[in-house]
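For the single chain, residues carry numbers from 1 onward in sequence order. Remember, predicted model here, so these are calculated numbers, not experimental data.
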Amino acid sequence: MAERAKNPQIGAAFLIGSGCVMISVWTLSTALGALVGSSFGDLERFGLGFAFTAAFIAMARGLWKGTGDLAPWTASFVASFALVVAQVPTAYAIMIGTLTGLAVLLLNPRRKVPAQ
């Protein structure tokens, strides 16, 4: 898509071809990851229980646009933290926290919709 944005002459063949490459790499990587990952068993014993949380935090940081994001981010953090304290598995706590933040964002009557 970035190549298409640079050069509008790039057509469907390029986009379909690059899509096929991406889906092939994704499928093979997922299969390989499932195969290798299943041989490790419980990753908690390696101290990798925080890996999902760390990856989420790294991705979320890039989405911060300023203080207008404070209310949904705070709601998301509070919900996630409360669920982790209640011993809900981290991945579920993050997902529910994300949905909580999204709900706060969508229900905020003063939110600004970015111009396209």
N/O donor-acceptor pairs under 3.5 Å from side chains in residues 71-78, not counting sequence neighbours:
{"residue": "Thr74", "atom": "OG1", "partner": "Leu70", "partner atom": "O", "Å": "2.7"}
{"residue": "Ser76", "atom": "OG", "partner": "Gly97", "partner atom": "O", "Å": "2.9"}

>> Can a donor-acceptor pair be found, under 3.5 Å and without considering hydrogens, that links the side chain of Asp69 to the backbone of Lys65?
In response: yes

> At what distance, to the nearest 0.5 angstrom, does CD1 of Ile94 lie from CG of Leu99?
Replying inline: 12.0 Å

> To which residues is Ile96 joined in a hydrophobic cluster, defined by side-chain heavy-atom contacts under 4.5 Å among Ile, Leu, Val, Met, Phe, Trp and Tyr, whether direct or through other members?
Replying inline: Leu83, Val88, Tyr92

Tell me which donor-acceptor pairs under 3.5 Å the side chains of residues 25-35 have, and how far apart each pair is, sequence neighbours excluded?
{"residue": "Trp26", "atom": "NE1", "partner": "Thr30", "partner atom": "OG1", "Å": "3.4"}
{"residue": "Thr27", "atom": "OG1", "partner": "Ile23", "partner atom": "O", "Å": "2.7"}
{"residue": "Ser29", "atom": "OG", "partner": "Val25", "partner atom": "O", "Å": "2.7"}
{"residue": "Thr30", "atom": "OG1", "partner": "Trp26", "partner atom": "O", "Å": "2.8"}

